[in-house]
2 protein chains.
Amino acid sequence: MPAEPADERRSGPLLQHLARRMRLRSESVLTPLGLRVRHLVALTVLRDSGDISQQGLAGTLQIDGTNVVGLLNDLESAGLVERRRSPTDRRRHVVSLTGAGATRIREAECALADAEDEVLGALAPDERELLYDLLRRASQGCAPTCTEAATESPDAC
Amino acid sequence: MPAEPADERRSGPLLQHLARRMRLRSESVLTPLGLRVRHLVALTVLRDSGDISQQGLAGTLQIDGTNVVGLLNDLESAGLVERRRSPTDRRRHVVSLTGAGATRIREAECALADAEDEVLGALAPDERELLYDLLRRASQGCAPTCTEAATESPDAC
DNA sequence: TAAATAGTTCGTGCTACACGAACGATCGAT
DNA sequence: ATCGATCGTTCGTGTAGCACGAACTATTTA
């Protein structure tokens with residue numbers, strides 16, 4: 001047998017696992033704030049990527065455009081985001097975070113402290129910060145639409 | 001207003017976001033291997049945490065015990081895991097990864113290379129390795145059952 | 001003017017799960 | 001030896017998240 005038993009460890013399954021645990025923990029905490037997890041995900045994306053069209057948001061969140069409508073209806077009726085018509089293309093809506101939205105995100109993040117403590121309890125504070133930084137950069141890296149990368153597939157496995 | 005606008009950045013939403021992207025990307029790749037994402041998550045947990053009861057697996061995966069049965073039925077009929085009665089408590093099933101299961105994980109991880117490249121494309125190879133290490137340690141940290149921590153809630157936010 | 005595009009609304013269907021009930025096998029306590 | 005609790009199993013039911021398609025309006029582009 002070969003010495004190395006194929007060191008092909010992928011983050012995918014671990015990401016799924018931790019995300020599930022985090023989601024279950026977060027839901028009960030977020031409910032009193034009138035938010036679902038997906039709302040907070042959308043708000044966070046919006047905060048990190050700035051103004052964006054609904055189509056762009058659908059691409060980033062990887063959800064169907066028709067479902068973006070309902071998601072934004074929730075957030076807009078709560079005053080957390082704003083839909084303005086794009087001046088350059090009046091078909092488009094430019095979605096942006098409001099001041100209230102930014103505040104609500106901070107409140108939610110604060111409320112999530114316990115959930116994060118439970119799920120990431122094994123990590124030291126500086127490690128959690130490192131994790132956050134990696135996740136944020138990975139998230140922004142494929143922000144606009146990764147879908148365009150579907151063509152290239154240099155599978156050298 | 002205070003100088004610091006509350007630097008309460010949480011990893012939760014980013015975890016959800018990236019996990020979703022990763023899951024969507026992974027599904028099509030895993031299908032030819034006869035696996036769903038949740039199967040690979042279970043196998044990975046099983047590999048990392050060693051033998052475990054079904055109840056313990058339900059706690060770690062945070063899914064209902066009745067659904068663990070079906071999940072393990074899939075994996076066992078594919079020869080990837082084994083159910084043996086515990087010698088100390090014959091009510092229990094001790095679930096363990098088989099050699100074929102370990103092999104299949106490696107195959108799956110290999111096949112997931114493209115998906116990971118797309119989702120984590122913004123990270124350098126050593127950063128991805130770092131991310132994997134953090135995720136794995138966080139995952140193992142709350143392995144047995146975090147549920148016991150539900151009682152304590154020293155919310156000092 | 002015609003065709004394509006962004007967003008909206010509605011309906012349909014699928015999948016993942018939670019949850020409860022009922023059952024057999026087994027353990028623990030009495 | 002008996003009884004209640006526990007583990008795993010099977011079945012059924014319900015719900016939530018989403019994808020997908022159709023039809024429509026407003027707008028841009030060819």
Side-chain angles (χ1 to χ4, degrees), chain A residues 13 16-17 19-28 30-31 34-42 51-77 81-96 144-145 147, chain B residues 13 16-17 19-28 30-31 35-42 51-77 81-96 144-145 147 150:
Chain A
Q16 303 301 324
H17 182 202
R20 176 180 180 80
R21 298 194 73 110
M22 188 73 82
R23 178 169 52 79
L24 292 174
R25 272 321 193 181
S26 303
E27 275 167 357
S28 53
L30 253 35
T31 302
L35 291 176
R36 319 297 298 270
V37 172
R38 71 188 114 97
H39 293 136
L40 192 53
V41 173
D51 295 358
I52 190 175
S53 74
Q54 295 190 198
Q55 193 171 244
L57 196 56
T60 301
L61 296 175
Q62 298 270 266
I63 64 179
D64 192 84
T66 62
N67 295 317
V68 172
V69 176
L71 190 61
L72 290 181
N73 285 347
D74 295 345
L75 296 174
E76 192 174 35
S77 66
V81 304
E82 223 176 26
R83 279 192 261 218
R84 299 185 310 266
R85 300 231 81 115
S86 164
T88 67
D89 184 345
R90 294 184 41 76
R91 289 170 302 179
R92 275 184 160 82
H93 276 159
V94 175
V95 183
S96 54
T145 35
T147 36
Chain B
Q16 303 302 324
H17 182 198
R20 175 179 180 81
R21 298 194 74 110
M22 188 73 82
R23 179 170 51 78
L24 293 173
R25 273 318 192 182
S26 303
E27 275 166 355
S28 53
L30 254 33
T31 302
L35 292 176
R36 319 297 298 270
V37 172
R38 73 188 110 100
H39 293 137
L40 192 53
V41 173
D51 295 359
I52 192 176
S53 75
Q54 295 190 199
Q55 193 172 243
L57 196 57
T60 301
L61 295 176
Q62 298 269 264
I63 64 178
D64 193 84
T66 61
N67 295 318
V68 173
V69 176
L71 191 60
L72 290 181
N73 286 347
D74 295 344
L75 296 174
E76 192 174 36
S77 65
V81 304
E82 224 176 25
R83 278 192 264 219
R84 300 183 311 266
R85 299 233 79 113
S86 163
T88 66
D89 184 345
R90 293 184 43 74
R91 288 170 303 180
R92 276 183 160 81
H93 276 159
V94 175
V95 184
S96 54
T145 35
T147 36

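Being a predicted model, the structure only gives us computed values, none of them experimental. We name chains A, B, ... by the order of the sequence lines, and we start the count at 1 in each one.
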Across all chains, not counting sequence neighbours, the salt bridge (charged side-chain N to carboxylate O under 4.0 Å, His left out) partners of Arg36(A) are none
- request: Flag the pair Ile63(B) / Leu71(B) as yes when at least one side-chain heavy-atom distance between them is below 4.5 Å, and no otherwise.
  value: yes
Can a side chain N or O of Gln54(B) be found less than 4.0 Å away from OP1 or OP2 on dC7(D)? no
Contacts of Arg91(B) meeting side-chain contact (heavy atoms from CB on, under 4.5 Å) (sequence neighbours excluded), chain-then-number -> Asp89(B)
With sequence neighbours left out, the residues meeting side chain to side chain donor-acceptor pair (under 3.5 Å) with Thr88(B) are Ser86(B)
By side chain to side chain donor-acceptor pair (under 3.5 Å), Gln54(B) pairs with (sequence neighbours left out) Arg83(B), His93(B)
When rounded to whole Å, the CG to P distance for the pair Leu61(B) and dA18(C) reads 10 Å
By side chain to side chain donor-acceptor pair (under 3.5 Å), Ser28(B) pairs with (sequence neighbours left out) none
To the nearest angstrom, the CD-P distance between Glu27(B) and dC14(C) comes to 17 Å
>> If you define the side chain from C-beta out and look only at heavy atoms, does anything of Arg21(B) sit under 4.5 Å from Thr60(A)?
In response: yes
- Task: Decide yes or no for Val95(B) and Glu76(B): does some side-chain heavy atom of the first lie under 4.5 Å from some side-chain heavy atom of the second?
- Result: no
Expected string for nucleotides 17-30 of chain D under the B/S/- scheme (protein heavy atoms, under 4.0 Å, primed atoms plus P, OP1, OP2 as sugar-phosphate) is SSBBB-----BS--
Hits for salt bridge (charged side-chain N to carboxylate O under 4.0 Å, His left out) against Arg85(B), two or more places apart or cross-chain, chain-then-number order -> none
Expected list for residues 70-77 of chain B near DNA chain C, using heavy atoms below 4.0 Å, is none
Those residues at least two apart in sequence (or on a different chain) that pass salt bridge (charged side-chain N to carboxylate O under 4.0 Å, His left out) with Arg23(A) are Glu27(A)
Rounded to 10°, the angle between the first-five-pair and last-five-pair axes of the helix from dT1(C)-dA30(D) to dT30(C)-dA1(D) is 30°
Between CD of Gln55(B) and P of dA5(D) the distance, given in whole Å, is 16 Å
